[in-house]
Amino acid sequence: MADTFHTQIVSILPKLRVQALALTRNRAQSEDLVQDAVCNALNARDSFIPGTNFAAWMHRILRNRFISDLRKQRVTADIDDVPGELLSSKADHEDRLAVKDLGYALARLPDDQREALILVVLQGMSYQELAESTGCAVGTAKSRVFRARRQLEAWMTGDLPENDGLRQRASALREEVGRRQMAGNAARPSVSHG
């Protein structure tokens, strides 16, 4: 049994890493979260019931560990504190800009919707497995994915109302990046040909 248990842990590690990165949005923190979740699972292996969904059990352990760590830290970062250079790209690289826009939109989704979308779309988890791993009803799992998709699509296609908070924050952020770029260009010494 222990050998099978360890084999199952090793095989699910890539999916746990994706989920942890989606939750933490930081590579180092995500690796720590995966390690902590695996340690928790090893300590609680007697509570796993053979024949039940091991993946859902592991995803729930990881998610619970993340929530527990959040409660301990209560550290948040405001988008206004992020340097503009990290959120901007050159205009001639439209693909990179679109990826950054998508990343920005994903980051602005509520945690439960972002997690649900990533687990279903990127990891191929079923709604039933998502519900089991997050401790919610299947209908709630479906709703979270639907709302996340709808929000991302609306933001990426520009179909949000003008008074939408996400649109306003994104617009203010782009204006700030533009001001910083202009200020940086103005601060460069000009060469006179005289």
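The residues of the chain are indexed from 1 along the displayed sequence. Below, all heavy atoms of this structure are taken into account, side chains as well, without hydrogens, waters or symmetry copies.
- With respect to Arg60 and Glu132, no salt bridge is recorded, no charged nitrogen being found less than 4.0 Å from a carboxylate O.
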- Message: Assess the residue pair Arg144 and Cys136 against the criterion (side chain to side chain contact (heavy atoms under 4.5 Å, CB included)); give the C-alpha distance rounded to whole Å, side-chain angles, the decisive distance to 0.1 Å, and a yes or no.
- Response: CA-CA 10 Å; Arg144 287 175 182 169; Cys136 68; 3.7 Å; yes
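- The two residues Ala148 and Leu117 make their nearest non-hydrogen contact at CB-CB, 4.0 Å.
- The backbone N or O of Arg27 lies less than 3.5 Å from a partner atom in the side chain of Ser30, making a donor-acceptor pair.
- Looking only at side-chain heavy atoms (C-beta outward), Ile67 and Arg63 come within less than 4.5 Å of each other.
- At least one donor-acceptor pair closer than 3.5 Å links the side chain of Thr24 to the backbone N or O of Ala20.
- Atom OG1 of residue Thr4 and atom CD1 of residue Ile9 lie 11.5 Å apart, to the nearest 0.5 angstrom.
- Here the CG-CG distance, from Leu21 to Leu33, works out to 10.5 Å after rounding to the nearest 0.5 Å.
- Side-chain atoms of Leu23 and Leu62, non-hydrogen and from C-beta on, do get closer than 4.5 Å to each other.
- Separation of atoms NE2 (His59) and CG (Leu130) is listed at 9.5 Å; rounding is to 0.5 Å.
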- Task: Output, in order, the C-alpha distance, side-chain angles, deciding distance and verdict of side chain to side chain contact (heavy atoms under 4.5 Å, CB included) for Gln19 and Leu119.
- Result: CA-CA 7 Å; Gln19 181 187 14; Leu119 290 175; 3.8 Å; yes
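- To the nearest 0.5 Å, atoms CZ (Phe54) and OG1 (Thr7) are separated by 9.5 Å.
- Using a 4.5 Å heavy-atom cutoff, the side chains of Lys15 and Ile12 are in contact.
- Interatomic distance, Thr134 OG1 to Asp112 CG, rounded to the nearest 0.5 Å: 8.5 Å.
- In this structure, the side chains of Val121 and Arg149 come closer than 4.5 Å at one or more pairs of heavy atoms.
- A single hydrophobic cluster is not seen to contain both Leu106 and Phe146; linkage of ILVMFWY side chains at heavy-atom distances under 4.5 Å, directly or through other members, places them apart.
- In this structure, Asp111 and Arg25 have side chains that are in contact, with non-hydrogen atoms separated by less than 4.5 Å.
- Below 30°, between 30° and 60°, or above 60°: for Phe48 and Trp57 the angle between ring planes is between 30° and 60°, a tilted geometry.
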- Task: Please assess His6 against Arg45 for the test side chain to side chain contact (heavy atoms under 4.5 Å, CB included), listing each intermediate value before the final yes or no.
- Result: CA-CA 10 Å; His6 287 94; Arg45 74 175 147 220; 3.4 Å; yes
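- Contact between Ala41 and Met58 at its shortest, heavy atoms only, is CB-SD, 3.4 Å.
- We find the CG-CG distance between Leu16 and Leu13 to be 6.0 Å, quoted to the nearest 0.5 Å.
- Listed for the Ser133 side chain is a donor-acceptor partner under 3.5 Å among the backbone atoms of Glu129.
- Taking every heavy atom of both residues into account, Arg65 and Asp36 meet most closely at NH2-OD2, 3.4 Å.
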